[in-house]
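Note sheet for the following structure.
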Amino acid sequence: MQSHQAGDLDAAEHRYREVLELRAGQPDAMHYLGVLCHQRGRSDEGVRLIEAALKITPKHPDAHNNLGNIHKECGRLAEAERCYRKALKCGSLHYNAQNNLAVVLEAQERVEEAFQAYAKLLQQAPKFAQGYYLMGRFLRNYAQSKEHVEQSAQCFRTAYELDPRNLRALESLGMSLYTLNRIGEAVQVYRDWVAREPDHPVPRHMLAACGGAQAPTRAADDYVREVFDAFADSFDEQLLKNLGYRAPEILAEALGGMLPGAAGEFEILDAGCGTGLCEPLLRPYAKRLVGVDLSGGMIEKARLRGGYDELDVAELTAYLRAHPAAYDIVFSADTLEYFGDLEEVLDAAHAALRQHGWLAFTVEAAQGEDDRVDLSPSGRYQHTRHHVERALSSAGFSRKSIGTDTLRKEGGQPVTGWVVLAQRAGQG
């Protein structure tokens, strides 16, 4: 277990198996070896081991909770829920299981049950910072009134007071304050954070997003890494982030309309692949599927999901430039909204495509008829239609289609985006 906790998975697996050779069926060794197998991408083996351990120690709440975590991270939310409920039956005050139950209820959009589960969590564990953070996210995601957003701000404030390492709570506090039009308070949150940690990329970027500093031309690499490594580290947060998230499906459906009857014949780049949510949507079209992302943590999650022929950690524009005429399709769901002016990255995408290749992407929509890019309080850029059209034309794309749809919800409100398809012309 010491090797496991230290991240030396090779040594830990070897020693767990030695224990099982000395004493077949030792339940703790099977339980923790099952967790390790899941961490190494062998989730089915992990499930079998923990289920075997639970036959020997059926009232072990930690084992039920960890079995639920494997199901949750594999997207089997109903199975995860059953495991968390068993954990709570075995140990009613197991607040990690209560936390996880609330998360999977929210992920299944059982909103009232999720709220009750979060409320029970805070009653059971009033000093649990993550519980206040998640309740704050829940209240803002499903806000029905200004009061709910105010309550979310208080939850984020409490989460940060209980755990000053929880910088996502501080970032979220600023966003709730901005949503409440308490812009000066939001700016002050980020300004104080910058004063404490002048080299931290998140408060620098968010201070600019709230209008307290000049907006950068694009989100800095260290900001993107910090934000998405944090999502990868906590799959609970990733589930919440994706609640109501539709961009991959919308974009894949639009692209599929341009590829009737196509099956397994394209070289595809999932540009900004994150945890691999787009893999099952793209796999049917792919002869070879490559994923690239700036966050190493997200790439590891995508590796666990499986399905990619290759996964790389790299900055997107540089990666595209390094792979000229390599792809038939470049697919980018909700990644280019971390770029300001799109011209450079679209030019690189054009160069990475083969003749007649397709670029498919989404960005958040800014209103207006002018050529404009806005950095929003969410930390993401919004682009006018005119800007998207101009950047595509400048990059050399010939055939273009720009539609609109709701990409996700934020603060209980729909986020509208451009759904863009553009084709590289052939020669002659």
Would the Y16 and H4 ring centres measure less than 6.0 Å apart? yes

Are the aromatic rings of F156 and Y160 close, with centres under 6.0 Å apart? no

Closest approach of N65 to A97 (non-hydrogen atoms, all atoms of both residues): OD1-CA, 3.3 Å

Specify the closest pair of heavy atoms between V187 and C210, including all atoms of both residues, with the distance to one decimal. CG2-O, 3.7 Å

Mind checking side-chain contact (heavy atoms from CB on, under 4.5 Å) for [X] and listing every partner two or more places apart, or none if nothing turns up?
X    : value
E45  : R17, C37, R42, R48, L49
L281 : P248, E249, A252
N181 : I183

In terms of side-chain geometry, is the basic nitrogen of [X] or [Y] positioned less than 4.0 Å from the acidic oxygen of its partner?
X    : Y    : value
R40  : D10  : yes
R140 : E150 : no
E161 : R157 : no
R110 : E106 : no
E79  : K72  : no
R283 : D309 : yes
E279 : K301 : no

What orientation do W193 and H200 show, parallel under 30°, tilted 30 to 60°, or perpendicular over 60°?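 Taking H200 first and then W193, their aromatic rings sit tilted (interplane angle of 30° to 60°).
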
Report the relative orientation of the aromatic rings in F228 and Y338; use parallel for angles under 30°, tilted for 30 to 60°, perpendicular for over 60°. perpendicular

State, without any angle test, whether E73 and H38 hold a side-chain donor-acceptor pair at a distance under 3.5 Å. yes

Modelled atom types, side-chain donor and acceptor of E81 and Q108, under 3.5 Å: yes

Let me confirm one number: the [atom1]-[atom2] distance from [X] to [Y], rounded to the nearest 0.5 Å.
X    : Y    : atom1 : atom2 : result
Y133 : E171 : OH    : CD    : 7.5 Å
D293 : R225 : CG    : CZ    : 10.5 Å
L101 : K120 : CG    : NZ    : 8.5 Å

Test side chain to side chain contact (heavy atoms under 4.5 Å, CB included) applied to Y84 and N96, L67, N99, N100, the passing residue: N100

I'd like to know if the side chain of [X] and the backbone of [Y] have a donor-acceptor N/O pair within less than 3.5 Å.
X    : Y    : value
T384 : R372 : yes
E315 : D221 : no
H205 : G379 : yes
T362 : D334 : yes
S332 : F361 : no
R408 : A247 : no

Answer yes or no for R218 and F339: cation-pi contact, defined as NZ/CZ to six-membered ring centre under 6.0 Å and angle to ring axis within 45°.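 Relative to the ring axis of F339, which defines the angle, R218 lies inside both limits.
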
Pairs flagged by salt bridge (charged side-chain N to carboxylate O under 4.0 Å, His left out) wherever residues 199-212 is involved - sequence neighbours left out: R204-D222

Could you walk me through whether E51 and K86 pass salt bridge (charged side-chain N to carboxylate O under 4.0 Å, His left out), step by step? CA-CA 13 Å; E51 286 178 341; K86 287 180 182 177; over 6 Å; no

side-chain contact (heavy atoms from CB on, under 4.5 Å) between Y381 and H383: does it pass, once the steps are laid out? CA-CA 7 Å; Y381 292 88; H383 304 80; 3.8 Å; yes

May I have the list of side-chain donor-acceptor pairs in residues 341-352 shorter than 3.5 Å, sequence neighbours left out?
residue, atom, partner, partner atom, Å
D341, OD1, E343, N, 2.8
E343, OE1, R390, NH1, 2.6
E343, OE2, S394, OG, 2.8
D347, OD2, R321, NH1, 3.2
D347, OD2, R321, NH2, 3.1
H350, NE2, G396, O, 3.3

Report, one line per pair, each donor and acceptor closer than 3.5 Å where one atom sits in a side chain of residues 258-274; sequence neighbours left out.
residue, atom, partner, partner atom, Å
E265, OE1, A263, N, 3.4
D270, OD2, Y308, OH, 2.7

